[in-house]
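What you see is a predicted model, and the numbers here were worked out from it, not measured in a lab.
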2 protein chains.
Amino acid sequence: MHTKKQIVECIEKCRAHGLKVTPQRLLIYNELQTSNGHLSPEQLYNRVKEYQPNISLATVYKALDVFYSVRLVAKVTCLECTSAYYETNIEHHHHLICKLCQAIDDIYSDQLDILNIPESLIKEYQISGFSIQLEGICKKCQSTK
Amino acid sequence: MHTKKQIVECIEKCRAHGLKVTPQRLLIYNELQTSNGHLSPEQLYNRVKEYQPNISLATVYKALDVFYSVRLVAKVTCLECTSAYYETNIEHHHHLICKLCQAIDDIYSDQLDILNIPESLIKEYQISGFSIQLEGICKKCQSTK
DNA sequence: GTGATTGCAAATTATTTGCAATCTT
DNA sequence: AAGATTGCAAATAATTTGCAATCAC
């Protein structure tokens with residue numbers, strides 16, 4: 001339970017980047033953080049509407065854009081996804097995309113993090129990061145079959 | 001230069017999947033293959049229009065969809081891309097996405113292919129594949145700076 | 001007070017769909 | 001001949017933009 005800590009981080013990071021701390025932004029960030037998953041702008045909009053019915057979908061898009069640009073949130077896409085998804089989890093991690101239902105699961109693995117990137121590639125492209133997408137079947141789909 | 005071989009493969013794979021071999025599909029496949037890169041439906045449409053001016057963008061979308069469903073082409077997306085990209089290169093490979101210009105480069109590397117996926121994950125998710133996205137700076141952008 | 005942000009509506013971009021005419025087999 | 005595919009136009013979905021009113025600092 002580190003909700004409060006993350007909200008404080010959100011406020012601080014906004015200030016540090018000259019972004020204003022508005023109730024909408026805090027609500028959006030908090031809701032995304034609480035949901036603990038990957039949400040599309042539309043999904044997130046539907047959730048925050050419960051708390052602030054007059055909030056606009058455009059506001060959600062704009063908030064996610066600025067959050068993403070200052071790395072307060074991470075963005076995920078997948079081949080069959082029609083929209084982008086966001087999460088407040090910005091630690092280095094990987095994704096498993098379910099072949100059957102397209103669900104995205106976060107994967108943490110020190111073993112995967114030790115990726116053996118060839119020196120030649122690192123130099124050639126000035127590699128600064130990487131992420132791995134695994135293809136498999138999520139637990140939900142496994143238990144349904 | 002294995003253009004012809006690939007076209008034959010296209011014809012055979014279409015037949016094998018009960019897809020009709022139309023001039024549009026061959027043109028689209030051939031152009032994508034010749035371009036030797038990642039093209040969006042729109043980009044590909046602009047290219048094939050040169051040869052068949054009355055071809056429709058919807059036809060390109062439909063052709064890419066069926067090609068993708070029978071694995072005649074691969075699909076690529078990236079976080080900042082507004083559209084999907086396609087390539088006829090369906091061998092297992094990875095992608096480097098340029099931080100600066102968003103260009104996508106194919107990366108072949110036996111060393112990367114030997115990914116050490118934890119046994120526990122493989123079982124848990126019935127992992128059937130993976131791909132790695134590297135973040136770096138493409139050669140063009142390196143030489144421009 | 002000043003400039004950033006919001007909410008709304010309209011615009012844009014990417015993709016999909018319905019359907020009659022036309023091809024492939 | 002039968003069924004799939006094409007081209008077109010319209011529809012849908014995702015995202016962005018312009019702008020006046022409002023809010024944060």
Note to self: Less than 3.5 Å apart, any donor N or O on the side chain of B:Tyr125 or A:Asp105 sitting next to an acceptor on the other?
What the structure shows: yes
Notebook entry, point to check: So does A:Gln24 get a side-chain nitrogen or oxygen closer than 4.0 Å to the phosphate oxygens (OP1/OP2) of C:dG7?
Noted result: yes
Item checked: Whole-Å distance separating the CG atom of B:Leu57 from the P atom of C:dT13 -> 14 Å
Note to self: By nearest atom, which of the nucleotides D:dT15, C:dT25, C:dT5 is closest to the B:Lys20 side chain?
What the structure shows: C:dT25
Notebook entry, point to check: Over how many whole Å does the gap from B:Leu19 atom CG to D:dT6 atom P extend?
Noted result: 10 Å
Notebook entry, point to check: For A:Lys62 and A:Ser40, take the nucleotide of DNA chain D holding the closest heavy atom to each; which residue's nucleotide lies nearer the 5' end?
Noted result: A:Ser40
Notebook entry, point to check: Can you check whether A:Lys75's main-chain N or O pairs, donor with acceptor, with A:Glu87's side chain at less than 3.5 Å?
Noted result: no
Next item on the list: Could you check how far CG of B:Leu64 sits from P of C:dA14, rounded to whole Å?
Entry: 15 Å
Notebook entry, point to check: Quick one: is A:Ser83 getting a side-chain N or O under 4.0 Å of the D:dT15 phosphate, OP1 or OP2?
Noted result: yes
Notebook entry, point to check: Atom CZ of A:Arg25 and atom P of C:dG7: how far apart are they, to the nearest Å?
Noted result: 11 Å
Margin query: Between B:Glu135 and B:His95, is there a side-chain donor-acceptor contact under 3.5 Å, judged purely by atom types and distance?
Written below: no
Margin query: Rounded to whole Å, please give me the gap between OH in B:Tyr45 and P in D:dG7.
Written below: 10 Å
Item checked: Phosphate OP1/OP2 of D:dT6: any B:Thr22 side-chain N/O under 4.0 Å -> yes
Item checked: 5' precedence on DNA chain C between A:Gln52 and B:Glu42 (nearest-nucleotide basis) -> A:Gln52
Check: Of the nucleotides C:dG7, C:dT5, D:dT15, which has the atom closest to the A:Ala84 side chain?
Finding: D:dT15
Next item on the list: Output the single nucleotide from D:dG3, C:dT16, D:dA24 whose closest atom is nearest the side chain of B:Tyr61.
Entry: C:dT16
Item checked: Gap between atoms CG and P, on A:Leu27 and D:dC23 respectively (whole Å) -> 16 Å
Notebook entry, point to check: Just how far, in rounded Å, is C1' of C:dT5 from CZ of A:Phe67?
Noted result: 12 Å
Checklist line | Proximal nucleotide (of D:dG7, C:dT6, C:dT16) relative to the B:Ile55 side chain | finding: D:dG7
Next item on the list: Quickly work out the B:Tyr86 OH to C:dA14 C1' distance and round it to whole Å.
Entry: 11 Å
Next item on the list: Determine, for A:Tyr45 and A:Arg47, whether the Lys NZ or Arg CZ falls below 6.0 Å from the six-membered ring centre while staying within 45 degrees of the axis.
Entry: no
Check: For B:Tyr51, does the OH atom have more than 12 heavy-atom neighbours from other residues, nucleotides or ligands under 6.0 Å away?
Finding: no
Next item on the list: Taking only the side-chain nitrogens and oxygens of B:Thr59, find out if one of them lies under 4.0 Å from OP1 or OP2 of D:dT6.
Entry: no
Notebook entry, point to check: When you measure from the side chain of B:Ser56, which nucleotide among D:dC8, D:dT6, C:dT6 comes out closest?
Noted result: D:dC8
Check: Does the side chain of A:Arg15 get closer than 4.0 angstrom to OP1 or OP2 of D:dA24 through an N or O atom?
Finding: no
